[in-house]
Amino acid sequence: MTDSPEQQPSVIGRFRRLRPAFVRPAWWPLPACVLLGAACGFSYGMLARPEYAATSYAMVTAGKDIDPAAALGYAQSYGRLATSDATLTYAKGAAGEPVRELRGHVRSETSPDSPMIAVTGTSADRDRAADIANAVTEAVVVSSGHVAKDTGVKLIKFSHAVPPVDPVSPSAPLGTAVGASVGGLVGGLVLLVRPRPGRRGVTAQVPAPAQGGASDERELVR
């Protein structure tokens, strides 16, 4: 007696039983995030516009009757004035940029242990970066000379900025490494915060009362 078509297993059902099931590992977000971060970092390093930075230095010197420690305080003040509108307005001619754009391409740094001021200019052109740093430093030196008799200190230009050789923007290898690191961090956080299948809520089963015990209780009530 032959089986009916409903009783015969279909070809698709046999194939599904014989086909090995692909089990995705639980830690797959980590390598996926690392690869994605490395790709993004490599793309940024290849497509980003190179940026150059040049730095010039100025030093505050105290007069004969002035406490040398006062030079440190004036260095901090002149360092803050280096990026002010008055200084940038004076330097825009030599820098070749308007004040609005010049403000985003210059920064100043001072040290609490040395009366030195570092003025850094940044630009996509290496020569323009050096011009910005030198123009702003010269503007600060000229401004300090107007009040040198009243303050008793003098600001002199210590070092001239030269066009840099290498850009400060991240290269393709560095961008790839940074992107992979950030991707690994994100992937690790995903593994920590996502719910785990093995730790779902388990409902406790309460055993049912025995049948014999219930019949004995009924007999005692009689």
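- Closest of all the heavy-atom pairs between Tyr52 and Ala129 is O-CB, 3.7 Å.
- Applying the salt bridge (charged side-chain N to carboxylate O under 4.0 Å, His left out) test to residues at least two apart or on different chains, the pairs with a partner in residues 89-105 are Asp85-Arg103, Glu97-Arg128.
- Under the 4.5 Å side-chain criterion, counting only non-hydrogen atoms from C-beta, Thr151 is in contact with Tyr78.
- Among all heavy-atom pairs drawn from Val162 and Ala130, the shortest one is C-CB, 3.8 Å.
- Closest non-hydrogen pair, Gly104 versus Thr122, comes out as O-OG1, 4.3 Å.
- A chain of hydrophobic side-chain contacts below 4.5 Å, direct or via other Ile, Leu, Val, Met, Phe, Trp or Tyr residues, connects Val153 to Leu155.
- Smallest separation of non-hydrogen atoms from Ala118 and Thr55: CB-CG2, 4.0 Å.
- When all heavy atoms of Thr120 and Ala53 are compared, the pair lying nearest together is CG2-CB, 4.0 Å.
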Next on the checklist: For Ile156 and Thr61: C-alpha separation, side-chain torsions, deciding distance, then whether side-chain contact (heavy atoms from CB on, under 4.5 Å) applies.
Outcome noted: CA-CA 8 Å; Ile156 60 175; Thr61 58; 4.1 Å; yes

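- A pairwise comparison of heavy atoms in Met116 and Ala75 identifies N-CB, 4.4 Å as the closest pair.
- Contact check for Tyr57 versus Ile117: no side-chain heavy atoms found under the 4.5 Å cut-off.
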For a quick test of your reading: what N or O donor-acceptor pairs under 3.5 Å do the side chains of residues 135-146 make, sequence neighbours left out?
unit_1 : atom_1 : unit_2 : atom_2 : d
Thr137 : OG1    : Ser56  : OG     : 2.4
Thr137 : OG1    : Ala133 : O      : 2.8
Ser143 : OG     : Ala139 : O      : 2.9
Ser144 : OG     : Val140 : O      : 3.3
Ser144 : OG     : Val141 : O      : 2.8

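- Asn134 places a side-chain N or O within 3.5 Å of a backbone atom of Ala161 that can act as its donor or acceptor partner.
- At least one donor-acceptor pair under 3.5 Å links the side chain of Ser77 to the backbone N or O of Gly73.
- Taking CG from Leu81 and OG from Ser108, the interatomic distance works out to 9.0 Å, rounded to the nearest 0.5 Å.
- For the pair Ser84 and Thr87, the minimum side-chain heavy-atom distance is below 4.5 Å.
- In this structure, OH on Tyr74 lies 16.0 Å from NZ on Lys154, to the nearest 0.5 angstrom.
- Follow the hydrophobic side-chain contacts under 4.5 Å out from Val106 and you reach Val99 in the same cluster.
- In this structure, Glu51 CD and Ser123 OG are separated by 7.5 Å, a value rounded to the nearest 0.5 Å.
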